[in-house]
Amino acid sequence: MSTDTLAATFATTRGVLDNVMVDQLDNATSCASWNVRRLVNHLVGGAHWFEITTNAGASPEVDDTEDTDYTVGDMVAAYDTATAGALAAFGADGALERMITLPFGTFPGAAFMGLATVDHFTHAWDLARATGQSTDLAPAMAEQLLTAARGMISDEFRGPDGVAPFGPETSIDDTACAADRLAAFLGRTV
């Protein structure tokens, strides 16, 4: 297994982030408790957290990865730095086989990388939607991630915004683009 899909997801997210304007930072997002600024900080801080957690084999006891406001500087450069670190951590020898302890369970590094991939791709969708960009992101990859998400995300990971990682699946027409169907599967209203 390689980090190619994660790298492609980071590139897709970067493409959306590159089109975010400063006057959009207070826009609401699909995540009721986040605006665009908080979402950007989650993306950058989350990439740092993926690196730290992968390297340590467990999530840090204190998560200070989102305490920095990355939107006051060059958001894209901050994202590039964070994602490069995450890719290096996941790409290190043995990282995908190592067991990673998270607050909600212990998983092989490959599964953790899968969660990172779905997380960033879905948040790219959130960011695109909140800033008026197309949500038809990387159709083939979105289809692949939807298939993977259906196999790994059970109802135990679903609940209200801010409480559970994913909301209840919402209904959507089967003809919608794959990224919209993935977003609906993960609880977004499309």
Side-chain angles (χ1 to χ4, degrees), residues 1-20 31 38-71 73-128 135-154 157 165-166 178-179 182-183 185-186:
M1 179 176 245
S2 76
T3 60
D4 291 349
T5 302
L6 180 61
T9 294
F10 285 161
T12 297
T13 305
R14 184 192 194 280
V16 175
L17 181 60
D18 197 37
N19 290 307
V20 173
C31 303
R38 184 142 182 236
L39 178 56
V40 169
N41 286 324
H42 172 75
L43 285 165
V44 178
H48 284 300
W49 183 80
F50 291 131
E51 175 188 7
I52 292 164
T53 301
T54 301
N55 286 336
S59 59
E61 291 195 23
V62 176
D63 181 10
D64 60 1
T65 58
E66 292 186 37
D67 289 344
T68 302
D69 185 357
Y70 298 101
T71 65
D74 185 337
M75 297 180 284
V76 175
Y79 186 73
D80 289 346
T81 298
T83 56
L87 284 170
F90 282 117
D93 286 343
L96 300 181
E97 295 76 31
R98 179 183 320 127
M99 297 304 287
I100 309 287
T101 302
L102 304 172
F104 48 89
T106 300
F107 305 90
F112 183 47
M113 185 176 68
L115 288 171
T117 304
V118 170
D119 179 72
H120 268 250
F121 190 90
T122 305
H123 286 316
W125 183 93
D126 293 330
L127 191 59
T135 58
D136 189 7
L137 305 172
M141 185 168 42
E143 197 69 59
Q144 174 188 352
L145 294 176
L146 177 57
T147 299
R150 285 184 171 142
M152 77 175 155
I153 298 171
S154 63
F157 294 114
F166 306 103
L182 175 62
F185 176 75
L186 297 176

Quick one: list whatever passes side-chain hydrogen bond (donor to acceptor under 3.5 Å, both in side chains) with Asp4, sequence neighbours left out.
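If we apply the side-chain hydrogen bond (donor to acceptor under 3.5 Å, both in side chains) test to Asp4, skipping adjacent residues, the hits are Ser2.
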Partners passing side-chain hydrogen bond (donor to acceptor under 3.5 Å, both in side chains) against Thr12 (at least two apart in sequence or in another chain)
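With sequence neighbours excluded, Thr12 shows a side-chain hydrogen bond (donor to acceptor under 3.5 Å, both in side chains) to no residue whatsoever.
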Listed by chain and number, what are the ring-ring contact (aromatic ring centres under 6.0 Å, His included) partners of Phe10, not counting sequence neighbours?
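For Phe10 the ring-ring contact (aromatic ring centres under 6.0 Å, His included) partners, ignoring immediate neighbours, are His120.
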Minimum heavy-atom separation for [X] and [Y], please, with both atom names.
| X | Y | value |
| --- | --- | --- |
| Ala142 | Ala178 | CB-CB, 3.6 Å |
| Gly45 | Tyr70 | N-CE1, 3.9 Å |
| Trp49 | Ser59 | CZ2-CB, 3.5 Å |
| Ala82 | Ala47 | CB-CB, 3.6 Å |
| Ala128 | Val16 | N-CG1, 3.6 Å |

Contact list for residues 136-146, test side chain to side chain donor-acceptor pair (under 3.5 Å), sequence neighbours left out
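Sorted result for residues 136-146: Glu143-Arg181.
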Would a 4.5 Å heavy-atom cut-off, applied to side chains only, mark Thr13 and Tyr79 as touching?
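Side-chain contact under 4.5 Å: yes.
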In sequence, state the C-alpha distance, the side-chain angles, and the governing distance for Met75 and Val44, and then conclude on side-chain contact (heavy atoms from CB on, under 4.5 Å).
CA-CA 8 Å; Met75 297 180 284; Val44 178; 5.9 Å; no
Could you grab the distance from atom [atom1] of [X] to atom [atom2] of [Y], nearest 0.5 Å is fine?
| X | Y | atom1 | atom2 | result |
| --- | --- | --- | --- | --- |
| Thr68 | His48 | OG1 | NE2 | 7.5 Å |
| Arg14 | Thr83 | CZ | OG1 | 8.5 Å |
| Phe50 | Leu115 | CZ | CG | 7.5 Å |
| Met141 | Thr9 | CE | OG1 | 4.0 Å |
| Leu39 | Cys31 | CG | SG | 6.5 Å |
| Ile153 | Leu186 | CD1 | CG | 4.5 Å |

With sequence neighbours excluded, tell me which residues meet salt bridge (Lys or Arg N to Asp or Glu O under 4.0 Å) with Asp119.
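Residues passing salt bridge (Lys or Arg N to Asp or Glu O under 4.0 Å) with Asp119: none at all.
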Applying salt bridge (Lys or Arg N to Asp or Glu O under 4.0 Å), name anything that partners Asp74, two or more places apart in sequence or on another chain.
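Result, salt bridge (Lys or Arg N to Asp or Glu O under 4.0 Å) vs Asp74: none returned.
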List in chain and number order the residues that pass side chain to side chain contact (heavy atoms under 4.5 Å, CB included) with Asn19, two or more places apart in sequence or in another chain; answer none if no residue qualifies.
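Checked Asn19 against side chain to side chain contact (heavy atoms under 4.5 Å, CB included); matches are Gln133.
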If the condition is side chain to side chain contact (heavy atoms under 4.5 Å, CB included), which residues does Ala7 pass it with, not counting sequence neighbours?
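Ala7: side chain to side chain contact (heavy atoms under 4.5 Å, CB included) contacts with Leu87.
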Here's a test for you: under side chain to side chain contact (heavy atoms under 4.5 Å, CB included), which of Leu145, Thr5, Leu6 qualifies with Phe121?
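Result for side chain to side chain contact (heavy atoms under 4.5 Å, CB included) with Phe121: Leu145.
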Check: residues 93-114 side-chain donor-acceptor pairs under 3.5 Å, at least two apart:
| residue | atom | partner | partner atom | Å |
| --- | --- | --- | --- | --- |
| Arg98 | NH1 | Thr54 | O | 2.5 |
| Thr101 | OG1 | Thr106 | OG1 | 3.4 |

